[in-house]
Amino acid sequence: MERGAPKHAIDQVIQKIQERGFKAHPSIGVERAVIGVIGEKTRDFIPYFQQLPWVENVIPVLKPYKLASREAHPETSQIKVGSALVGGNALAIAAGPCAVEDREQLLSTAKFVKECGAVMLRGGAYKPRTEAYAFQGLGRRGLEMLAEARQQTGLAVVTEVVDTRAVKEVAKYADMLQIGARSMQNFALLREAGASGHPVLLKRGLASTVDEWLSAAEYILAEGNPNVVLCERGIRTFETATRFTLDLSSVPLVRHNSHLPILVDPSHAAGNWRLVRALSLAAVAAGADGLLVETHPDPSRALVDGAQSLDFDNFKKLMTAVRKVAKAVGRTLQ
Ligand code: PEP
Ligand code: MN
């Protein structure tokens with residue numbers, strides 16, 4: 001309540017709280033009165049309470065998400081993705097090209113990253129491109145190549161879905177549906193992916209807060225699909241020296257507030273392959289449950305995101321270094 005709020009105003013607020021079926025917990029000080037509102041769905045009434053006379057501010061204490069919160073599920077969730085497990089003690093590394101370009105490119109990458117210890121293959125068949133006339137991916141043919149790569153290597157396949165109408169099709173081929181940064185608040189897509197029951201990799205929106213990201217996860221969980229993995233991939237800041245700014249503070253924060261496992265994508269954050277190893281190691285040290293790393297047989301010829309893709313040699317070096325840091329923080333690699 002505002003400073004000096006008269007008793008009748010305080011009593012009126014208490015009465016309005018009770019009339020709506022909530023419990024009021026007033027604490028009346030010499031200068032200020034603070035009134036707690038206890039009950040289900042109190043959030044819906046924030047604007048109502050805010051406009052009552054002498055009310056200074058209404059501050060929600062609870063988070064806007066429930067199913068995603070660690071209170072709802074004290075242990076970190078372990079999500080089975082094909083042959084891989086995300087959220088266990090062993091880190092899950094996903095690697096592969098930004099886009100599926102051709103069979104040879106995909107199969108050679110899949111075999112190589114598997115040999116180095118990756119458990120998931122990434123690769124876009126439907127690409128969300130900023131520019132309308134840029135390469136949009138191979139579509140169905142790309143999905144078929146991903147399925148073939150899984151068959152040959154046993155890797156779990158994660159690939160992006162950008163359209164609600166394609167959720168069923170992508171789920172038929174992939175072990176995990178990726179919802180990209182640009183789609184994080186496409187609520188129809190979140191619901192559809194949730195309803196599919198398929199594991200979902202939810203990337204953080206490029207200008208989204210952690211609470212908005214977890215609220216987006218809540219849409220998927222609310223459809224009865226518990227198989228959600230988060231992925232930090234950098235946010236937009238004033239800094240232009242990197243493609244995005246990798247917000248590593250989100251990793252311990254998400255682990256504190258949520259039970260959902262979290263991967264880190266250093267590739268899209270940096271936009272530059274030279275930074276990928278350092279950011280990956282920092283992510284593992286910060287508590288990430290795994291990484292999503294763009295890897296290409298010849299980044300100079302990549303159709304998409306070559307500048308940030310590791311070649312095979314650098315991917316191998318990355319995995320050697322990741323093993324050491326994982327060990328130092330009490331984790332292993334699958
Ligand atoms: C991707 O991982 O292929 C991708 C497009 O990333 P983001 O949605 O994070 O930009
Ligand atoms: Mn990419």
Side-chain angles (χ1 to χ4, degrees), residues 81 86 92-101 105-106 109 113 118 120-132 134-139 142-143 145-146 156-163 166 170 174-186 189-190 193 199-208 210 212-213 216-217 229-237 242-248 250-251 262-273 275-276 279-280 283 288 290-311 315:
V81 182
V86 187
I93 310 296
C98 181
V100 178
E101 296 169 5
Q105 170 239 24
L106 188 69
T109 308
V113 300
M120 290 186 279
L121 175 66
R122 63 142 293 141
Y126 292 105
K127 295 302 302 173
R129 302 306 302 280
T130 300
E131 294 175 12
F135 174 60
Q136 306 281 320
L138 297 180
L143 294 175
M145 290 174 197
L146 285 163
V157 163
V158 51
T159 193
E160 179 157 357
V161 56
V162 291
D163 189 323
V170 176
D175 298 294
M176 179 149 70
L177 306 172
Q178 178 172 322
I179 295 190
R182 288 155 194 82
S183 300
M184 190 205 84
Q185 284 187 317
N186 180 339
L189 186 60
L190 295 172
V200 178
L201 183 69
L202 180 63
K203 298 192 88 175
R204 180 177 182 183
L206 41 102
S208 297
V210 169
E212 286 163 347
W213 186 19
V229 177
L230 301 166
C231 181
E232 167 63 54
R233 46 80 71 210
I235 51 175
R236 195 150 267 176
T237 67
T242 48
R243 190 175 177 190
F244 294 92
T245 297
L246 182 60
D247 178 16
L248 273 186
S250 78
V251 175
I262 178 169
L263 305 183
V264 168
D265 170 354
S267 309
H268 290 88
N272 178 346
W273 68 270
L275 310 186
V276 166
L279 295 179
S280 300
L291 301 167
L292 185 79
V293 184
E294 285 187 341
T295 311
H296 194 284
D298 182 356
S300 69
R301 299 175 67 152
L303 292 181
V304 193
D305 285 351
Q308 66 201 32
S309 297
L310 297 184
D311 62 19
F315 182 71

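Read the numbers this way: they start at 1 and go in the same order the structure lists the ligands and their atoms.
In the vicinity of A181, heavy-atom distances shorter than 4.0 Å reach the ligand 1 atoms 7 (P), 8 (O), 9 (O). Near R233, meaning under 4.0 Å from any of its heavy atoms, are these atoms of ligand 1: 7 (P), 9 (O), 10 (O). Listed by atom number, the atoms of ligand 1 under 4.0 Å from G180 heavy atoms are 8 (O).
The minimum heavy-atom distance between F244 and G234, with the atom names listed, is CB-C, 3.8 Å. Contact between G123 and L146 at its shortest, heavy atoms only, is O-CD1, 3.6 Å.
Note that CG of D265 and CG of L279 are 10.0 Å apart. Values are rounded to the nearest 0.5 Å. Note that CD of Q308 and NE2 of H296 are 12.0 Å apart. Values are rounded to the nearest 0.5 Å. For the atom pair C231 SG and I179 CD1, the distance stands at 12.5 Å (nearest 0.5 Å). Taken to the nearest 0.5 Å, the CG atom of L310 stands 5.5 Å off from the OG1 atom of T295. In this structure, CG in L106 is found 5.0 Å from CG in L121, a value given to the nearest 0.5 Å. Note: D247 CG to E232 CD = 5.0 Å, rounded to the nearest 0.5 Å.
Taking only nitrogen or oxygen atoms, main chain and side chain alike, E160 does not reach within less than 3.5 Å of ligand 1. On a distance-only criterion, K127 and ligand 1 share at least one N/O pair closer than 3.5 Å.
Side-chain contact, D305 with H268: a donor N or O sits under 3.5 Å from an acceptor N or O.
Note on ligand 1: R122 sits in its first shell, one or more heavy atoms being nearer than 4.0 Å.
Atoms of the protein (N, O or S only) found under 2.8 Å from the Mn ion (ligand 2) are C98 SG, H268 NE2, E294 OE2, D305 OD2.
In this structure, atom 6 (O) of ligand 1 lies nearest to the protein heavy atom K203 NZ, 2.9 Å. With hydrogens left out, the protein atom closest to atom 4 (C) of ligand 1 is H268 NE2, 3.5 Å, a heavy atom.
The existence of a salt bridge linking E160 and R122 is excluded, since no basic side-chain nitrogen approaches an acidic carboxylate oxygen closer than 4.0 Å.
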